[in-house]
Amino acid sequence: MWLRHLHALFTRHVRHFPTTSSDKREIACRTRSFCFALSGSTVTIYLPIAELSVNIFIILGMGAAVGFLSGMFGVGGGFLITPLLIFYNIPPVVAVATGANQVVASSVSGAITHFRRGTLDMKLGTVLLVGGLVGATVGVWIFSWLRRIGQLDLFISLLYVVLLTTIGVLMLQESLRAMRKAKLNQPLPLKRPGQHNWVHRLPLKMRFKKSKIYLSAIPVVTLGFLIGILTSIMGVGGGFIMVPAMIYLLRIPTNVVVGTSLFQIIFVTAYTTMVQAATNYSVDIVLAFILMVAGVIGAQYGVRVGQKLRGEQLRALLALLVLAVGIRLAVGLFIRPQDLYSVAVGGIGY
Amino acid sequence: MFSRLALLLSLLLLPVGNSVAQIPMGEASTGKEGLDIGVSTNEIAITSDFRGADLTVFGAMTNADDLLLAIGNYDIIVTLEGPRDYATVRKKERIFGVWVNTDSMIFEQVPESYSIASTRQLDDPTQLPPINTAGVGIEHLALNPIGYIRDVGELSDFREAYRRLKLAGGLYQKEASGVRFVSSSLFRASLRLPANVPDGVHIVRAYLFKSGTLITQREIPLRVVKTGLEQAITDTAHNQPFAYGLLCVLIALVTGWGASIVFRKD
């Protein structure tokens with residue numbers, strides 16, 4: 001159920017993008033000349049922070065594919081980019097920090113749109129942000145500690161496996177149910193969230209005018225805090241958890257949820273980028289820039305394809321994709337590695 | 001008188017005869033062998049399209065003995081040693097079905113990269129004379145662990161794993177016939193720098209062996225530098241991390257904002 005909301009809300013801000021034929025031609029030309037320029041000169045590109053040479057087309061393809069999916073499904077894409085980079089042998093340390101940087105770019109345009117429309121609660125966003133910044137700080141600290149004791153890669157994989165399989169299963173269930181209902185021509189029941197739950201009995205209440213809600217600051221800060229930790233450890237924006245939590249747990253009106261979460265995501269991912277750059281030196285600006293540009297372009301095509309497909313089918317597809325990535329990571333945890341030993345440069349306190 | 005003369009002669013000849021007997025045949029006439037080397041470049045630039053590089057080391061042997069040269073008793077080994085740093089080796093074990101890093105060992109100051117080229121197979125016992133490669137080559141790199149080691153057997157496992165992984169990753173390389181004699185005393189060695197070669201000061205070393213014994217060595221530094229944009233990025237990331245982080249964020253903001261303008265529906 002929440003996924004339908006999520007989908008609808010996310011796509012709303014992306015879907016206002018151009019669809020006229022002249023625009024289409026212009027974009028196609030732009031991408032084509034871009035590709036020619038690249039294929040004419042070189043194929044590999046050296047990533048200065050990851051310290052390895054990669055095939056630029058694979059990185060562009062990754063960025064474009066994830067951008068396409070994020071446009072199509074209306075999701076941020078951070079939770080797909082980071083595992084893909086890890087599959088492509090980018091060190092997880094770099095993949096996570098660079099992923100966070102990439103999410104900044106993909107969230108900005110959406111947040112601008114929501115700000116213009118007035119569907120962004122600054123006060124609520126700021127309270128979320130307070131929790132988020134503290135969470136991101138704690139997260140980076142945990143990240144550095146895990147790296148020092150050599151358990152970072154495992155921990156990132158475990159978190160992704162848990163998160164991706166849970167979300168994948170939930171989405172698949174939900175979309176299959178919706179498809180069955182659509183086949184029987186039943187109207188979809190619009191479950192109205194109840195007015196109050198335990199969250200609303202907590203102290204330290206604040207009034208959020210734009211959201212028209214009177215709510216305790218404790219759950220808001222806590223939610224921001226938890227998402228902040230995920231941002232710095234996993235390199236995701238966390239919208240796919242924050243949006244449903246805001247709707248179903250905090251009972252925040254759905255029209256301000258996406259704008260407000262995007263507002264918070266921009267600042268937390270920007271902050272995480274800064275802290276990762278300062279403590280782990282692990283943000284690869286070249287990699288991030290290629291991903292951003294490809295992602296932004298890919299998103300435009302994704303939106304168009306997304307408009308032609310049915311919502312339930314889209315969500316089922318995304319669910320399968322998310323599950324596949326999760327299972328691939330899980331397999332990596334359980335199969336015996338080719339070599340039980342691994343080498344890292346640096347000693348104590350690197 | 002005669003006996004005195006004989007004694008005197010024998011006294012005169014004895015030490016000479018002894019010294020002749022001690023020195024291997026053929027060397028008495030020559031001085032000490034020398035070695036000179038030069039490198040095709042003293043700086044290798046890592047550019048954005050860097051895919052590894054080949055380094056050619058030229059060298060000349062001086063005062064070489066023709067006979068020993070003819071029977072191939074001179075051997076040359078050329079190595080390229082990368083900058084040194086600590087290295088952490090970790091070992092995985094299965095815990096509840098999941099492979100987890102459980103054990104680790106830190107080796108002090110080992111070269112991050114190492115390539116070696118030689119005139120012949122180093123670890124082939126059938127070729128004579130055997131080269132006493134103490135201190136030269138991947139097998140002889142000093143791998144000293146830091147801290148307390150419980151189990152000596154474990155130490156050799158970690159050492160072996162380190163060498164194996166470095167070789168597999170291409171950062172350590174060995175080429176048995178990398179050194180070729182161009183003329184009787186001139187030689188040329190080719191070494192390969194992998195695409196992921198660390199930047200910093202590398203050292204080219206050439207060793208001259210006579211009948212399997214190291215007699216002289218030469219070394220020259222080789223700088224591997226990131227150039228242009230790559231260099232600027234790495235420098236900024238490490239020296240001004242705050243400014244670098246800010247730049248990353250700004251680029252992301254501009255890209256996102258730009259996209260919302262470029263693709264805006266008017």
Side-chain angles (χ1 to χ4, degrees), chain A residues 16-20 23 27 41-46 48-49 51-53 101-102 104-110 112-113 150-151 154 158 266 270 273-279 281 283 285-286 288-289 292-293 296-297 299-300 333-337 339-348 350, chain B residues 46-52 85-94 97-101 104 106-108 112 146 157-158 161-162 164-166 168-169 195-196 198 226 229-231 233-234 237-238 241-242 244-249 251-253 255-260 262-266:
Chain A
H16 87 118
F17 287 127
T19 41
T20 59
D23 276 343
I27 295 159
S41 60
T42 173
V43 176
T44 59
I45 185 155
Y46 183 78
I49 303 297
E51 295 193 313
L52 46 90
S53 291
N101 192 17
Q102 194 260 345
V104 178
S106 60
S107 309
V108 165
S109 55
I112 291 173
T113 312
Q151 304 297 355
L154 173 75
L158 274 177
I266 292 172
T273 306
M274 301 276 294
V275 179
Q276 288 281 22
T279 55
Y281 311 113
V283 183
I285 202 167
V286 176
F289 186 66
M292 280 174 209
V293 172
V296 165
I297 295 167
Q300 303 308 315
L333 290 177
F334 288 102
I335 54 165
R336 187 190 169 88
D339 202 318
L340 294 182
Y341 293 87
S342 59
V343 176
V345 174
I348 326 128
Y350 66 92
Chain B
I46 301 182
T47 50
S48 60
D49 58 344
F50 186 73
R51 262 168 284 182
D85 200 347
Y86 291 92
T88 307
V89 180
R90 297 200 169 89
K91 189 188 176 186
K92 282 193 173 67
E93 262 172 61
R94 191 166 228 160
V98 176
W99 291 93
V100 182
N101 283 328
S104 71
I106 299 169
F107 292 117
E108 61 179 23
E112 279 180 60
I146 288 173
D157 283 350
F158 273 91
Y162 176 82
R164 183 181 63 236
L165 286 163
K166 284 290 205 179
N196 52 348
K226 292 180 179 178
L229 193 60
E230 285 71 30
Q231 175 64 36
I233 290 172
T234 317
H238 287 270
F242 187 78
Y244 177 81
L246 204 64
L247 181 70
C248 291
V249 170
I251 286 181
L253 289 176
T255 310
W257 178 67
S260 79
V262 170
F263 297 110
R264 194 169 166 183
K265 194 180 191 176
D266 289 317

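Here is the naming used below: chain letters follow the sequence lines, and residue numbers restart at 1 for every chain. Hydrogens, waters and symmetry mates play no part in the numbers below; they use all other heavy atoms, side chains included. On a predicted model such as this, the values are computed, not experimentally measured, just so you know.
Checking side-chain atoms of B:N101 against main-chain N and O of A:G150 turns up a donor-acceptor pair under 3.5 Å. Looking at B:K166, its side chain does come within 3.5 Å of a backbone N or O of B:E112 through a donor-acceptor pair. In this structure a side-chain-to-backbone donor-acceptor pair under 3.5 Å is missing from B:Y244 to A:Y281. In this structure a side-chain-to-backbone donor-acceptor pair under 3.5 Å is missing from B:R90 to B:V100.
Looking at A:I112, only its side chain comes within 4.5 Å of chain B, counting heavy atoms on both sides. Within the 4.5 angstrom heavy-atom criterion, atoms from both the backbone and the side chain of B:K91 approach chain A. Interface remark: A:F289 contributes side-chain atoms only to the contact with chain B (heavy atom separation under 4.5 Å). When heavy atoms are compared at a cutoff of 4.5 Å, A:D339 approaches chain B solely by way of its side chain, counted from C-beta outward. Proximity to chain B (any heavy atom under 4.5 Å) is restricted, for A:V286, to the side chain, taken from C-beta onward. The part of B:L165 that comes within reach of chain A is its side chain, from C-beta onward, which places non-hydrogen atoms under 4.5 angstrom from that chain. No part of A:L158 comes within reach of chain B, as not one of its non-hydrogen atoms sits under 4.5 angstrom from that chain. Of the atoms belonging to B:L229, not a single heavy atom falls under 4.5 Å from chain A.
Considering only residues two or more places apart in sequence or on other chains, B:L247 meets the side-chain contact (heavy atoms from CB on, under 4.5 Å) condition with A:I285, B:I251. Not a single side-chain hydrogen bond (donor to acceptor under 3.5 Å, both in side chains) links A:Y341 to another residue, sequence neighbours left out.
When the candidates A:A277, A:A278, A:P48, A:S342 are compared by the number of heavy-atom contacts under 4.5 Å with chain B, A:S342 comes out ahead.
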